[in-house]
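Encoded as structure tokens, the structure appears first; notes follow it.
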Amino acid sequence: MINRVVMVGRMTRDPELRRTGSGTAVTSFTLALNRNYNSADGQQADYIPCVVWNKAAENVAQYCGKGSLVGVEGRLRSRSYDNAQGQRVFVVEVQCDSVQFLETKAQRERNAQMQNNDFAMPGPQTNNFQDMQTVELEKEFDNSDNSFNIMEDDIQF
């Protein structure tokens, strides 16, 4: 059987770091994943609960926050428990094997500031956030001499 999950999304809240009775770190967070369509109720994203353990849990809690762009690889896990009212609650979540940080804290803060500025501006809205990302990518991959240093050994076939 195959049970693999690979997702890229933004955290909807700050990660919660807890410790088990034996001191093992466990962090939980929720990822928002954009949909390519609006559902019947108008929802444009899926919200997926995730759990990560041990050293990775400590790193996620320390370096990530609400709005962080992360890549997650793991597996689906289902469990159940009885809540305070005595009702059985079933939970499906992603048990993360790895969490990749896909942007720096400075990038996240700059993106959040730009999004806040977009919402505060009167008049028609533009997607300055996406335009800025495009400009940054163009600068990063600017190859002004238009030459590529590809050796014969670099070609795999």
Side-chain angles (χ1 to χ4, degrees), residues 1-119 125-141 154-157:
M1 300 296 157
I2 298 173
N3 182 1
R4 296 304 307 161
V5 175
V6 178
M7 305 182 299
V8 173
R10 292 200 179 270
M11 291 186 176
T12 62
R13 58 185 166 83
D14 289 335
E16 282 182 38
L17 175 65
R18 298 179 312 279
R19 300 241 177 228
T20 64
S22 62
T24 304
V26 58
T27 297
S28 60
F29 57 93
T30 303
L31 272 189
L33 309 173
N34 289 339
R35 290 184 181 167
N36 292 332
Y37 62 93
N38 292 345
S39 64
D41 63 356
Q43 188 173 348
Q44 299 177 356
D46 292 308
Y47 302 95
I48 312 298
C50 300
V51 176
V52 61
W53 294 81
N54 300 318
K55 184 65 176 170
E58 293 172 353
N59 289 337
V60 167
Q62 182 176 359
Y63 297 110
C64 295
K66 181 178 179 179
S68 292
L69 182 65
V70 295
V72 168
E73 184 177 350
R75 59 192 178 278
L76 285 179
R77 182 180 78 170
S78 62
R79 59 184 174 89
S80 63
Y81 64 94
D82 294 325
N83 67 10
Q85 292 77 29
Q87 298 171 324
R88 178 68 98 198
V89 177
F90 293 92
V91 177
V92 177
E93 58 196 4
V94 174
Q95 173 86 36
C96 301
D97 295 329
S98 70
V99 177
Q100 301 292 317
F101 308 150
L102 300 178
E103 66 184 355
T104 65
K105 186 175 181 179
Q107 287 172 322
R108 184 175 77 234
E109 289 171 354
R110 185 172 55 241
N111 292 342
Q113 181 183 13
M114 288 198 62
Q115 286 178 341
N116 288 339
N117 288 342
D118 280 350
F119 290 123
Q125 297 293 319
T126 60
N127 195 352
N128 292 336
F129 172 70
Q130 202 166 22
D131 293 343
M132 187 180 115
Q133 283 184 327
T134 303
V135 168
E136 285 181 7
L137 284 174
E138 287 172 354
K139 286 179 185 174
E140 185 175 332
F141 294 106
D154 293 335
I155 301 174
Q156 296 180 7
F157 47 89

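All values reported here derive from a predicted model rather than from experimental measurement.
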For R10 and E103, run side chain to side chain contact (heavy atoms under 4.5 Å, CB included): C-alpha distance rounded to whole Å, both residues' side-chain angles, the deciding distance at 0.1 Å, then the answer.
-> CA-CA 11 Å; R10 292 200 179 270; E103 66 184 355; 2.8 Å; yes
Given side chain to side chain contact (heavy atoms under 4.5 Å, CB included), test R18 with S28 step by step and report yes or no.
-> CA-CA 8 Å; R18 298 179 312 279; S28 60; 3.1 Å; yes
Could you walk me through whether R77 and E93 pass side chain to side chain contact (heavy atoms under 4.5 Å, CB included), step by step?
-> CA-CA 5 Å; R77 182 180 78 170; E93 58 196 4; 2.2 Å; yes
Are F90 and S78 close enough, and set up right, to give a side chain to side chain contact (heavy atoms under 4.5 Å, CB included), and what steps lead you there?
-> CA-CA 7 Å; F90 293 92; S78 62; over 6 Å; no
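Between D46 atom CG and T30 atom OG1 the span is 12.5 Å, to the nearest 0.5 Å. Note that the CG atom of L76 and the CG atom of N3 stand 5.0 Å from one another [nearest 0.5 Å]. If you take CE on M7 and CG on L33, they are separated by 5.5 Å, rounding to the nearest 0.5 Å.
In this structure S68 satisfies the side chain to side chain donor-acceptor pair (under 3.5 Å) test together with R108, sequence neighbours excluded. Contacts of D82 classified as side chain to side chain donor-acceptor pair (under 3.5 Å), with partners at least two apart in sequence or in another chain: R88. Not counting sequence neighbours, the partners of D97 by the salt bridge (Lys or Arg N to Asp or Glu O under 4.0 Å) test are R4, R75. Under the side chain to side chain donor-acceptor pair (under 3.5 Å) criterion, Q85 pairs with N83, sequence neighbours left out. Every residue two or more places apart in sequence or in another chain that forms a side chain to side chain contact (heavy atoms under 4.5 Å, CB included) with L102 is listed here: V8, L69, Q100.
In this structure, the side chain of D14 engages the main chain of K66 through a donor-acceptor pair within 3.5 Å.
Inter-residue side-chain proximity for V72 and V5 is flagged as unmet; no heavy-atom pair is nearer than 4.5 Å.
Screening residues 50-64 for side chain to side chain donor-acceptor pair (under 3.5 Å) gives R19-E58 as the qualifying pairs, with residues at least two apart or on separate chains.
The side chain to side chain contact (heavy atoms under 4.5 Å, CB included) with P15 is formed by just one residue from the set V52, V60, V99, V70; it is V60.
Summarising the geometry of A61 relative to L17, their closest heavy-atom pair is CB-CB, 3.7 Å, with the distance given to 0.1 Å.
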